[in-house]
Number of protein chains: 2
Amino acid sequence: MAAGRRGDVHSESIDNYLKAVLSLGGPEEQRVTSTSLAERLGVAPASVTNMLQKLAAAETPLVEYERHKGVRLSAAGRRRALEVVRHHRLIETFLYEVLDYPIEEVHEEAERLEHFISERFEERIAAKLGHPKIDPHGHSIPTMEGEMPRRESIVLAEVMGVGTYVVESVSDRDAERLRQLEASGITVGARLEVRRGSAAEGYTVRVGRGLGDVEVSGETAREIRVVVGG
Amino acid sequence: MAAGRRGDVHSESIDNYLKAVLSLGGPEEQRVTSTSLAERLGVAPASVTNMLQKLAAAETPLVEYERHKGVRLSAAGRRRALEVVRHHRLIETFLYEVLDYPIEEVHEEAERLEHFISERFEERIAAKLGHPKIDPHGHSIPTMEGEMPRRESIVLAEVMGVGTYVVESVSDRDAERLRQLEASGITVGARLEVRRGSAAEGYTVRVGRGLGDVEVSGETAREIRVVVGG
DNA sequence: TACCTAATTTAGGTATACCTAAATAGCAAT
DNA sequence: ATTGCTATTTAGGTATACCTAAATTAGGTA
């Protein structure tokens, strides 16, 4: 046994399911399918079904589940998911600011530690960092009360014409991609002049005040959020 | 599945078995019985037997096990155990020095995190702390190479007559005890004047330059190491 | 030496979180 | 309304790490 008595469910694995539901549900918290969860989590769809049923049947259900209709988070599930995301982003910020990690390494370490730090640890690093609102990748850090401030920005892949944008955030999921973006100057706060492109063909952008043009694939463009202007 | 393929064994649980064997074996690395391990780890003796057999049968055995004769660490087992102890003590030092934890809280947090930090994390906090040799409880921190510097000191419970001693280390296992010792001034580096006592009856000591006498139970005296003089 | 007791091990079970393969349900197009 | 495909679920298994209860073994004592 490891998770405690029924209803008091908590484990690394469960945390990851909740985070995945949160993230795949998007800002409108739409229902999320087993298949997309399976893909995101790297497990078989059958495993997802099983886990969802358990999460829904817990004394304090963490998800609302209906056969064949996907899931969404319950209030308790959302609370936990946001807590874990807060942990993750605070840890990333801490590793970057205090321990001088290279930016592309913070995600992996945070991904492991986020499940195991105490309230006290969370509170202490937050204090040490001056209660930051944004992590090193430009993502907002949920508050202690479990609110995640929304920010209006668009995915670069949705940009249609030419124009100037400022990078709001860059996904941390792929370290290699991060390293390349870093190398071409596409980092949080950078100014991007989109020269031409589309989601299908990729983009040509000029970064800052021009070290030449940079090619951004459509796939990569989906991992970058920008705000208009600059 | 969680531990990886046979021989590549690693888990929180295994770490704890190895640490327990290291600590119960003492500096001479004597064989350790299943019963004492069971007691230390808070599991049934049968569970210990099972785990020891697995650890001994792994592709890279972590313990040397002989039925009915207890176990000792193999070279690989000792390496891992010392790595975890190094993690533990570096984390404690870090929490105390950098995150201003109260001393009696560092152990619990370190006990959880020690299993999950990366080489990089270990290296970064060590650097931040100036490669400390001693943790906040006075225990030596194993080196990166897996050496644990021995220090000559005796357990307070072995002190026979009166005399003056300096506190070398205090066990961190029991937070409540630590708090009490802290309160009566029995902390690392403190001077103890032993007035009378024995392991059986407990000790009466004067701390620093006398805020009155303090009673130390025999049990507590087993958790304090001292060096002669002062 | 035969016995006894305590320590240890074996045997058989539980829960978690995963898997594969087989069944079923939803839904769109004929 | 039937077909057919895909998504999803059910059924049955694996490994880990624990448990209890029932052997067994070691080692001292009569």
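Order of the sequence lines fixes the chain letters, A, B, ..., with proteins taken first and strands second; residue numbering starts at 1 for each chain. From a predicted model like this one, the values you see are computed outputs, not experimental measurements.
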Would you tell me if any nitrogen or oxygen in the side chain of [X] comes within less than 4.0 Å of OP1 or OP2 on [N]?
X	N	answer
Arg67(A)	dT10(D)	yes
Ser13(B)	dC18(D)	yes
Ser11(B)	dA17(D)	yes
Tyr65(A)	dT9(D)	yes

Next item on the list: Assign Gly70(A) to base, sugar-phosphate, or nothing according to its heavy-atom contacts below 4.0 angstrom with the strands shown.
Entry: nothing
Check: How is Ser47(A) classified with respect to the nucleic acid when contacts are heavy atoms under 4.0 Å: base, sugar-phosphate, or nothing?
Finding: base
Item checked: Results of salt bridge (charged side-chain N to carboxylate O under 4.0 Å, His left out) for Glu201(B) - residues two or more places apart only -> none
Whole-Å distance between [N] [atom2] and [X] [atom1]?
X	N	atom1	atom2	answer
Leu52(B)	dC18(D)	CG	C1'	14 Å
Asn16(A)	dC18(C)	CG	P	9 Å
Arg31(A)	dA7(D)	CZ	P	18 Å
Glu12(A)	dA17(C)	CD	C1'	12 Å
Met51(B)	dC19(D)	CE	C1'	14 Å
Leu37(A)	dA17(C)	CG	C1'	15 Å
His115(B)	dA17(D)	NE2	P	13 Å
Ile14(B)	dA17(D)	CD1	C1'	10 Å

Which nucleotide sits closest to the side chain of [X]: [options]?
X	options	answer
Lys54(A)	dA17(C), dC19(D), dA25(C)	dA17(C)
Ala46(A)	dT10(D), dC19(C), dT25(D)	dT10(D)
Asn50(B)	dC18(C), dA26(D), dC19(D)	dC19(D)

Note to self: Does either side chain, that of Arg177(B) or that of Thr220(B), offer a donor lying less than 3.5 Å from an acceptor on the other one?
What the structure shows: yes
Note to self: Side chains of Glu114(A) and His87(A) only: does a donor on one sit below 3.5 Å from an acceptor on the other?
What the structure shows: no
Checklist line | Counterpart base for dA11(D), defined by Watson-Crick or G-U wobble contacts under 3.5 Å | finding: dT20(C)
Next item on the list: Output yes when a side-chain donor or acceptor of Tyr203(B) lies under 3.5 Å from a complementary backbone atom of Leu156(B), and no otherwise.
Entry: yes
Next item on the list: Can you establish whether the number of heavy atoms outside Arg120(B) located under 6.0 Å from its atom CZ is more than 12?
Entry: yes
